[in-house]
2 protein chains.
Amino acid sequence: MSPRDQEQTRRRVIEATIELLTREGRDAVTTRAVAVAAGLQPPAIYRLFGDKEGLLEAVAEHGFATFLAGKNLDPGPHGPVDDLEAGWDLAVEFGLANPALYVLMYADPARPASPAFTAGMEVLMGRIRRLAAAGWLRVDEHLAAAIIHATARGAVLTWLSLPEDRRDPALLTTLREAMLTAVTTREPATQEAGPAGAARALRAALPEQTALSEGERGLLEEWLDRLTHE
Amino acid sequence: MSPRDQEQTRRRVIEATIELLTREGRDAVTTRAVAVAAGLQPPAIYRLFGDKEGLLEAVAEHGFATFLAGKNLDPGPHGPVDDLEAGWDLAVEFGLANPALYVLMYADPARPASPAFTAGMEVLMGRIRRLAAAGWLRVDEHLAAAIIHATARGAVLTWLSLPEDRRDPALLTTLREAMLTAVTTREPATQEAGPAGAARALRAALPEQTALSEGERGLLEEWLDRLTHE
DNA sequence: AGAGGACTGGTAACGTCGATACATGTCACC
DNA sequence: GGTGACATGTATCGACGTTACCAGTCCTCT
């Protein structure tokens, strides 16, 4: 079997698994059931994915990639805050649209970070960085990522655990709003983009702080001037 | 065997299961392993708990009840808002103190609401009601419950999924604060902007600039970190 | 062109799981 | 002291994840 064919078979197995997962639930995903659904023998799964864990990881990655493929990830016209908002919505929408897959990826914290998990974080981190560069970030970048992740995770899992007739869309919008106020500032710390603007803003706010020694502050001011006039 | 003895045996089995769960993980909890740990035969589990699901449910309930037993649930002297805050802390503390148990109870949203789950919600609902009675509630009671639950759930699961050396306690306090401002009409504790925002903006924009040498940039990054973490 | 060998794919099986049927033992009561 | 009901122990079932093993096929080298 050529690598080309093998890739195609992998794809067929993955899609059969997703079908099984979404139609009959997590417990229906057995190696045997997947094998017959994909039209091959149980051991073939192991030749293709190593073990069941490998299969599930491949499934998560495929599902997430497929979802992202239909979305536009470029920065929007309304600034980094709106981009963050859209990114949060994207994460939640993925969970609501693929509950079984989402639970597989995000329910058990013991599961080591899969490529799919990491890919989602990459998207998020890019938006956070732009937010920080524009001076909108209220907290540390890593903390921001954790907050965004936690609110989205909590939103999706709680939403899914509610009976359908008691799901209030306000849960999602309120959590999103809470996330935004926790992570971003209402007023940007700098009006100008790039290092020069940030340096100017920092230069202005500098005299009030005490984290640096006299000498350090002097050198820092020199550097900020250089960055400003670059 | 008298009902009294049976109750005692149930208790022994449950505690053996918790021991197994926390020491060797979820997958180590097999009916056989539990049976030998509790000193009886595998079928005895089924006579006591019906099936494995029943055992796990009993375990969840026992673990949660034991945790709550050591806590004071009465209204505190600082008003309903502080009570809510303490309730949220309680939920999160339970998750951090009993990760395996928490994951068992809250990870999979497909699992129907267990008695333990409901008991936790009861505690929460009481506090929300007092909050509403005192006029502090910004949103519908059910929505408030969902928001509180979602933030706590997201906080615990995200915390547990982070490697230990990257867990920032600020994640918990920030999420708690976000929950409080979303749910109550209390004024958010506005933190002074200071130079932190500008420092973060400069930190994010730093890689793009060329006015500083490698060494200067390294030192500058250290200072910016100090300025943001002050 | 034919023999040898590496590699793919199929079959059968292992050990363990959750769960259950059945036999064995034990105690109360007539 | 026999008898019936109930608790306990034994043996086993089907299904699971996983692996050893064997047959067939295709490429290579002489």
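What you are looking at is a predicted structure, and each value in this text was computed from that prediction instead of being measured. Throughout, protein chains are lettered first and strands after them, A, B, ... in sequence-line order, and every chain is numbered starting at 1.
- For B:Leu40 and D:dT8, the CG to P distance is 9 Å, given to the nearest whole Å.
- Looking at residues two or more places apart in sequence or on another chain, you find a side chain to side chain contact (heavy atoms under 4.5 Å, CB included) between B:Thr185 and B:Trp136, B:Arg138.
- If you take CD1 of B:Ile45 and C1' of D:dA7, they are 16 Å apart, rounded to a whole angstrom.
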Go along nucleotides 11-18 of chain D 5' to 3' and tag each nucleotide: B for a protein heavy atom under 4.0 Å from its base, S when only backbone or sugar atoms are that close, - otherwise.
-B---BBB
Could you go over nucleotides 24-28 of chain C and give all protein N or O partners under 3.5 Å, atom names and distances?
none

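- A:Thr174 pairs by the side-chain hydrogen bond (donor to acceptor under 3.5 Å, both in side chains) definition with nothing, not counting sequence neighbours.
- At its two ends the helix from C:dA1-D:dT30 to C:dC30-D:dG1 runs along axes set 20° apart, each axis drawn from five pairs and the angle rounded to 10°.
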Atom pairs and distances, donor-acceptor, side-chain atoms in residues 91-101 of chain B, under 3.5 Å, two or more places apart:
unit_1: B:Glu93; atom_1: OE2; unit_2: B:Lys71; atom_2: NZ; d: 3.0
unit_1: B:Asn98; atom_1: ND2; unit_2: B:Phe94; atom_2: O; d: 3.1

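- Interface residues of residues 11-23 of chain A facing DNA chain D, ordered by number: none; criterion, heavy-atom separation under 4.0 Å.
- By the ring pair (Phe, Tyr, Trp, His ring centres under 6.0 Å) test, B:Tyr106 pairs with B:Tyr102, B:Phe117, B:His149, sequence neighbours left out.
- Residues passing the salt bridge (charged side-chain N to carboxylate O under 4.0 Å, His left out) test with A:Arg166: none are found, sequence neighbours excluded.
- Under 4.0 angstrom from either OP1 or OP2 of D:dG9 there lies at least one side-chain N or O belonging to B:Gln41.
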Side-chain donor-acceptor distances from residues 125-132 of chain B under 3.5 Å, at least two apart:
unit_1: B:Arg127; atom_1: NH1; unit_2: B:Asp83; atom_2: O; d: 2.8
unit_1: B:Arg127; atom_1: NH2; unit_2: B:Leu73; atom_2: O; d: 3.4

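- Within the structure, salt bridge (Lys or Arg N to Asp or Glu O under 4.0 Å) pairs that include any residue of residues 35-54 of chain A comprise A:Glu53-A:Arg111 (at least two apart or interchain).
- Residues B:Leu40 and B:Ile45 meet the side-chain proximity criterion, which asks for heavy atoms closer than 4.5 Å.
- Separating the CZ atom of A:Arg47 from the P atom of C:dT11 is a distance of 11 Å, rounded to the nearest angstrom.
- In this structure A:Glu24 satisfies the side-chain hydrogen bond (donor to acceptor under 3.5 Å, both in side chains) test with no other residue, sequence neighbours excluded.
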